[in-house]
Amino acid sequence: MRHIADRSSRLATFAATPALAALVLAGCSSTANPPGGATTTTKGSATTTSAGAAPTTGTSASTTASVEIGNTINYGSMGTTSTLDCADGKSLNVAGSHNTLTVTGHCAAVTIGGTGNNITIDKIDNKLRVVGMNNTITYKDGDPKVDKIGSSNTINKGS
């Protein structure tokens with residue numbers, strides 16, 4: 001019997017770990033200070049944060065997580081308008097839906113997942129990978145290899 005009880009407590013601990021992780025990540029909202037000395041500008045109900053991380057605009061509540069690991073910005077959000085900075089060759093991963101993002105600087109590589117995002121990027125050096133659906137991606141400069149894996153995505157080069 002003791003063997004079964006020990007197993008049950010281990011299973012309960014194992015099952016609770018993802019829930020705890022979700023609660024911790026929920027704290028990574030748009031009100032958190034992103035790394036890299038961000039600057040934030042607020043006009044009316046719109047807030048824009050320029051840095052390797054995150055921000056939101058609009059009047060509805062949303063959760064935004066932005067984490068910079070090494071030379072890669074990982075941005076996830078729903079329904080936000082934001083400006084991100086790839087600076088001088090960072091990579092960018094975007095996940096989420098119905099975001100309007102402006103990406104300044106030049107990105108080494110960009111991966112987009114999610115649906116209904118409208119993203120404008122100054123420059124992509126090496127690779128653009130679009131995995132989600134119904135996204136509109138415009139990059140102004142660069143000659144990246146484009147992988148269009150998702151469905152109903154629009155990719156434009158131009159202003």
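Atoms considered below: every heavy atom in the structure, side chains included; atoms not considered: hydrogens, waters and symmetry mates. Counting begins at 1 with the first residue of the sequence.
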If you round to the nearest 0.5 Å, how far is [atom2] of [Y] from [atom1] of [X]?
| X | Y | atom1 | atom2 | result |
| --- | --- | --- | --- | --- |
| N118 | L101 | CG | CG | 8.5 Å |
| C86 | D122 | SG | CG | 9.0 Å |
| T102 | L84 | OG1 | CG | 8.5 Å |
| L92 | N74 | CG | CG | 8.0 Å |
| Y75 | N93 | OH | CG | 13.5 Å |
| D141 | I124 | CG | CD1 | 10.0 Å |

Out of curiosity, does M78 fall in the hydrophobic cluster containing M133 (side-chain heavy atoms, cut-off under 4.5 Å, transitive links)?
->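 The answer is no; the residues belong to distinct hydrophobic clusters.
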Under 4.5 Å between side-chain heavy atoms, hopping through other hydrophobics if needed: is there a path connecting I137 to I149?
-> no
Where is the tightest heavy-atom contact between [X] and [Y], given as atom of each residue plus distance?
| X | Y | result |
| --- | --- | --- |
| G113 | N117 | O-ND2, 3.6 Å |
| S77 | T80 | OG-CG2, 2.8 Å |
| K90 | D85 | CD-O, 4.4 Å |
| T115 | N135 | C-OD1, 3.6 Å |
| G89 | A108 | O-CB, 3.3 Å |

Do [X] and [Y] touch side chain to side chain, with heavy atoms closer than 4.5 Å?
| X | Y | result |
| --- | --- | --- |
| I119 | V94 | yes |
| V110 | R129 | no |
| I155 | Y139 | yes |
| P144 | N126 | no |

Hey, are D88 and H106 close enough side-chain-wise for a donor-acceptor pair under 3.5 Å?
-> yes
Whether K157 side chain and G142 backbone form a donor-acceptor pair below 3.5 Å =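 Such a contact is found between K157 side chain and G142 backbone.
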Backbone N/O of I121 and side chain of K140: donor-acceptor pair under 3.5 Å = no
